[in-house]
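Below: one structure, written as structure tokens.
Note that the structure is a prediction, hence the values are computed from the model and not measured.
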Amino acid sequence: MLFNEYRTEWPIAFEKEKKALVAEFGDVALEIHHIGSTSVPGMPGKGIIDILVIVSSLMPSEAYDKPLRRLGYINRPVPDRPESPFYTKPSVKPRTHNVHIAVQNGEIARNHIMFRDYLRADRGAFDRYAAYKRGQIETTPDEWDKYSRNKLEVAAQILKEAREKYDG
């Protein structure tokens, strides 16, 4: 399994892809954010650049589907998250980029940004999440699906803390 300590080239890769996304999307993309582990300085991760594209509406889907396909992304629906279209590239592994589409001011967009910002701001949450991820890699080195499922529990707890801090 490919797992990396934080790399300074991750934000650079995001900025490069953001420029391509802006050029393709035009005004359909209201905001484009770097999210996920690669967006948190010092956080280990898979090295896949996660990007959040905020749109005013998920309909018509062609407004974001066509630009993403022109950039080499494929649609990979997540069964338990139909309200958040998900794209990856390249079409075969190893993947380099993920794009999450979310509606402006919606819960999905808010959660992604809040989670990232909380990990950047709270050293305790950062340390817990990084340690958990490293531990999962040691115990499930060749099982991406298991790794991803297992980290959801601790991520949910951290998001709950973030909500309490920012909303409470």
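Annotation for Ser37 and Gly45: closest pair CB-CA, 4.2 Å, computed over non-hydrogen atoms. Closest of all the heavy-atom pairs between Pro44 and Glu5 is CB-OE1, 4.0 Å. The shortest heavy-atom contact between Leu30 and Ser56 is CD1-N, 3.5 Å.
The side chain to side chain donor-acceptor pair (under 3.5 Å) check on Thr38 picks up His34, with sequence neighbours excluded. Remark: Thr96 engages Lys89, Pro90 in a side-chain contact (heavy atoms from CB on, under 4.5 Å) (not counting sequence neighbours). The side chain to side chain donor-acceptor pair (under 3.5 Å) search around Asp50 returns Asn98, His100, not counting sequence neighbours. Considering only residues two or more places apart in sequence or on other chains, Leu58 meets the side-chain contact (heavy atoms from CB on, under 4.5 Å) condition with Val55, Tyr64, Pro85, Ile101, Val103. Considering only residues two or more places apart in sequence or on other chains, Phe115 meets the ring pair (Phe, Tyr, Trp, His ring centres under 6.0 Å) condition with Tyr129. Qualifying side-chain contact (heavy atoms from CB on, under 4.5 Å) partners for Glu62, counting only residues two or more places apart in sequence or in other chains: Pro60, Lys66. In this structure, Arg116 has no side chain to side chain donor-acceptor pair (under 3.5 Å) partners at least two apart in sequence or on a different chain. Partners of His33 under the side chain to side chain donor-acceptor pair (under 3.5 Å) rule, at least two apart in sequence or in another chain, are Glu31.
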Indicate every side-chain donor-acceptor pair of residues 8-16 with a distance under 3.5 Å to a residue at least two apart or in another chain.
none

Can you list, pair by pair, the side-chain donor-acceptor contacts under 3.5 Å of residues 70-78, counting residues two or more places apart and other chains?
unit_1	atom_1	unit_2	atom_2	d
Arg70	NE	Glu24	OE1	2.5
Arg70	NH2	Glu24	OE1	3.1
Tyr73	OH	Glu17	OE2	2.8

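Hydrophobic side-chain contacts under 4.5 Å tie Ile48 to no other Ile, Leu, Val, Met, Phe, Trp or Tyr residue. Cluster note: Val92 groups with no other residue, as no ILVMFWY side-chain heavy atom lies under 4.5 Å from it.
Linking Ile, Leu, Val, Met, Phe, Trp and Tyr whenever their side-chain heavy atoms come within less than 4.5 Å leaves Leu119 and Ile113 in two separate clusters. Note on Ile54: it does not cluster hydrophobically with Ile108, by side-chain heavy-atom contacts below 4.5 Å among ILVMFWY residues.
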